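Data block below; observations after.
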2 protein chains.
Amino acid sequence: MEQIDEIDLRLLNILHDNSKYTVKELAKMVNLSASPVFERIKRLENNGYIKKYIALLDPEKLNRGFIVFCNIKLKQHDRNIGNQFVSDIMKIEEIVECYNISGDYDFLMKVSVKDMKHYQDFVFNKLGSVESIGSTQSTFVMSEIKNLYG
Amino acid sequence: MEQIDEIDLRLLNILHDNSKYTVKELAKMVNLSASPVFERIKRLENNGYIKKYIALLDPEKLNRGFIVFCNIKLKQHDRNIGNQFVSDIMKIEEIVECYNISGDYDFLMKVSVKDMKHYQDFVFNKLGSVESIGSTQSTFVMSEIKNLYG
DNA sequence: TTTTAAATCAGAATAAAATTCTTCAAATAT
DNA sequence: ATATTTGAAGAATTTTATTCTGATTTAAAA
């Protein structure tokens, strides 16, 4: 198993928050020169510690500032229904996250829409056409307090 | 209000999924030369459509592969208690997201830990020392189906 | 329809960053 | 104590980002 030291961890934490630093800047932060920092990052990428680099967009600017957590119960609990559900929700762009969960419901989805009107449309027209869904329960986000990916 | 056209939107969607493309590569994808693509991206950054660039890490590799959604009720609903709660949870690293929500509970938190043992420790020692919390309810993630940020 | 002005683009030129390579020093094993 | 391995620094090179100039298109005005 590949090892990871204190400096690697510091680089990961820095890049997790801002991946636009140059290797020169990063080198200064961890008191090394550019080449070992470059090699460390490549190693962290190749060993899977860093999965990818992405741009974070502003949901408000893109008309997606209204967040709802939507709990889902399936009609039945067989494999076909489950697979069909997964296949269907993958195609719906308003659903930005989905988890198979313990408890009263089967799935928890994070839904990102423009406003309540858009959410209503989403529930009627998008979820409404997913046959496998038995029932839903919506929890509305009033404000975002903390988000390490936001 | 600044405008945004079809090409801008395509660039945003591409960068949201992978911010490591060179402007040359992006230019090819949207059928333009490098300079206008470069200028478009700078404009999107300056106008706030792109908030920041980050590296996505592998939770499993970093001992954070066990995800729990934790619902919270406050003891009382006054401003001081609320502010104290927010201030406390900001410092707890296992809490990666937190939302003020509608419904039976006041807050919904996404918690990222190594395993059930770690979660138990988190509930006892971390949440246990947050005075403002009245009650909690945990929903465990069995598998992640979809995550545009993962 | 013609003219003017404002945007937007392509392509070259430049600056900055990433990446590679060589050498050296420290740590570890023999 | 010596050989071997590992990791680092700094220079050299390659690639990319960034700037600049001139041409073309678009939209508005005449």
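Computed from a prediction, not measured in an experiment: that's the story for all the values here. A, B, ... follow the sequence lines: proteins, then strands. Residue 1 opens every chain.
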Check your understanding: Side chain of B:Thr22: nearest nucleotide among C:dC21, D:dT16, D:dA8?
Key -> D:dT16
Point to revise | d(CD, A:Glu25; P, C:dA16) in whole Å | key: 13 Å
Point to revise | A:Glu45 CD - C:dT19 C1' separation (whole Å) | key: 12 Å
**Study point:** Sub-4.0 Å heavy-atom contacts from residues 4-12 of chain B onto DNA chain C, ordered by number
**Key:** none
**Study point:** Within-4.5 Å side-chain heavy-atom neighbours: B:Leu108 and A:Thr139
**Key:** no
Review point. Can you find a donor-acceptor N/O pair under 3.5 angstrom joining the side chain of A:Ser33 to the base of D:dA8?
Key: no
Point to revise | side chain to side chain contact (heavy atoms under 4.5 Å, CB included) assessment of B:Leu44 paired with B:Ile4 | key: CA-CA 9 Å; B:Leu44 291 169; B:Ile4 179 176; 4.3 Å; yes
Exercise for review: Would you check if B:Tyr149 and B:His16 make a side-chain contact, meaning some heavy-atom pair closer than 4.5 Å?
Suggested key: yes
Review point. For D:dT18, does either OP1 or OP2 sit under 4.0 Å from a side-chain N or O belonging to B:Lys42?
Key: yes
Check your understanding: Taking CD from B:Glu39 and P from C:dA10, how many angstroms apart are they, rounded to a whole number?
Key -> 11 Å
Check your understanding: From A:Tyr99 OH over to B:Glu144 CD, what is the distance, rounded to the nearest 0.5 angstrom?
Key -> 5.0 Å
Point to revise | Salt bridge flag under 4.0 Å for residues B:Glu97 and A:Lys110 | key: yes
Check your understanding: In whole angstrom, what separates A:Ile41's CD1 from C:dA18's C1'?
Key -> 11 Å
Review point. Closest approach of A:Ala34 and A:Val23, non-hydrogen atoms and distance?
Key: CB-CG2, 4.2 Å
Review point. Does B:Arg40 have a side-chain nitrogen or oxygen under 4.0 Å from the phosphate oxygens OP1 or OP2 of C:dT8?
Key: no
**Study point:** Pair B:Asp104 + B:Lys73: basic N to acidic O under 4.0 Å
**Key:** no
Study note, to complete from the structure: When rounded to whole Å, the NZ to C1' distance for the pair A:Lys24 and C:dA16 reads 9 Å
Check your understanding: Which of these nucleotides, D:dA8, D:dA17, C:dA18, is closest to any side-chain atom of A:Phe38?
Key -> C:dA18
**Study point:** A:Val23 side-chain proximity, nearest of C:dT19, C:dC9, D:dA9
**Key:** C:dT19
Review point. B:Asn46 CG to D:dT18 P: how many Å, rounded?
Key: 11 Å
Revision key, fill the gap. Which of C:dA18, D:dT18, C:dC9 is nearest the side chain of B:Leu32? It is C:dC9
**Study point:** Whole-Å distance separating the CG atom of A:Leu26 from the P atom of C:dT19
**Key:** 12 Å
